[in-house]
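Naming convention: chains lettered A, B, ... in sequence-line order (proteins, then strands); numbering from 1 in each chain.
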There are 2 protein chains.
Amino acid sequence: MVSSVEIEVLRALAHPVRLGIVRKLAAEPEICACDFTDEFEVSQPTISAHLKVLREAGLVTTRRRGTTICYSLNREPLAALAADLGALSVGEGALT
Amino acid sequence: MVSSVEIEVLRALAHPVRLGIVRKLAAEPEICACDFTDEFEVSQPTISAHLKVLREAGLVTTRRRGTTICYSLNREPLAALAADLGALSVGEGALT
DNA sequence: CCACTATATAGGAAATCTACTATATAGCGG
DNA sequence: CCGCTATATAGTAGATTTCCTATATAGTGG
């Protein structure tokens, strides 16, 4: 069965800015939203929208710290997706 | 560095019909295009368009056998993506 | 409370995606 | 060559994505 959650995670990752955000978050425990605005060449509201997509896909969680909001990566959905794709890549497909 | 090839693979996978096609192909060495048309509830040209997306992402290859065209899965890009996402899920991020 | 910083939301334009119908192309069998 | 099946392409409508500017909301410090 093709999980709609899995599709949502794939869609969330399938954008250069969002995958870039995930990559940065993978390397550090927590990053403030404003750091992403500096890193990528898009406006602050655009970054905010991308972060929302990642949040709704369950890939990140937030924590307010004073004025700023810190994002951290949820590694479980990434690991689950990696495991599933890995299984497909070695031939274990179509498990209903 | 965020590879644009990787983004293309993610985008190709991020659709229920295309992921379904990949799942079916993962379970069998080769499947005729017409079998997909039976399997999914979309028209033949729509299936053909989805197969084109998968082809252009390097996820499948084709072989003509008489009138029909057989699709098979390229497992390398899937394995590469799985490995990359797996690395992210255990903290190895941002390798420039 | 006011000004300031950080972040999110609203509204809208342009680009892209997804699906359809109609049609073209490729190979097979008579 | 003709008709048939299998697949791809063209053209197009509608939905979704992506980005922007403008504005709202939330928290901090004077």
(request) Mark yes or no for whether B/Arg75, through its side chain, and A/Leu88, through its backbone, hold a donor-acceptor pair below 3.5 Å. (result) yes
(request) Ignoring hydrogens and angles, answer whether the base of D/dA8 and the side-chain atoms of B/Gln44 contain a donor-acceptor pair closer than 3.5 Å. (result) yes
(request) Measure from the side chain of B/His15, starting at C-beta and using heavy atoms only, and say which of C/dA19, C/dT9, D/dG27 lies closest. (result) C/dA19
(request) Please answer: with hydrophobic residues joined when any side-chain heavy atoms are less than 4.5 Å apart, are A/Phe40 and A/Ile31 in the same cluster? (result) yes
(request) Take the protein atom CD1 of B/Ile69 and the nucleotide atom P of D/dA8, then report the distance between them rounded to whole Å. (result) 5 Å
(message) Nearest to the A/Thr46 side chain among D/dC19, C/dT7, C/dT9, which nucleotide is it?
(response) D/dC19
(message) Check the phosphate of C/dA8 against A/Tyr71, side-chain N and O only, distance under 4.0 Å to OP1 or OP2. Yes or no?
(response) yes
(message) Whole angstroms only, please: what is the NE2-C1' distance between B/His50 and C/dC20?
(response) 12 Å
(request) Grab the NZ-P distance between A/Lys52 and D/dT18 for me, whole Å please. (result) 14 Å
(request) Give A/Phe36 one of three labels, base, sugar-phosphate or nothing, depending on what nucleic acid heavy atoms sit under 4.0 Å from its own. (result) nothing
(message) Taking A/Ala14's backbone N and O only, do any of them form a donor-acceptor pair with B/Arg11's side chain (distance below 3.5 Å, no angle check)?
(response) yes
(request) From the options D/dA22, C/dT7, C/dG27, select the nucleotide whose nearest atom is closest to the side chain of A/Pro45. (result) D/dA22
(request) Could you walk me through whether B/Gln44 and B/Ser48 pass side chain to side chain contact (heavy atoms under 4.5 Å, CB included), step by step? (result) CA-CA 6 Å; B/Gln44 176 270 318; B/Ser48 185; 4.0 Å; yes
(request) Please state how far atom CG in B/Asp38 lies from atom C1' in D/dT7, giving the value in whole angstrom units. (result) 13 Å
(request) Calculate the interatomic distance between A/Arg65 atom CZ and C/dA6 atom C1'; express it in whole Å. (result) 13 Å
(request) Measure the distance from CD1 on A/Ile47 to P on C/dT9 and round it to the nearest whole Å. (result) 15 Å
(request) Would you mind reporting whether A/Arg23 and B/Asp84 have side-chain heavy atoms less than 4.5 Å apart? (result) yes
(message) Go nucleotide by nucleotide along DNA chain C from the 5' end; which of A/Arg11 and A/Ala49 gets its closest nucleotide reached first?
(response) A/Ala49
(request) Rounded to the nearest angstrom, tell me the gap between atom CD in A/Glu41 and atom P in D/dC20. (result) 10 Å
(request) For A/Ile7 and C/dC17, give me the distance from atom CD1 to atom P, rounded to whole Å. (result) 16 Å
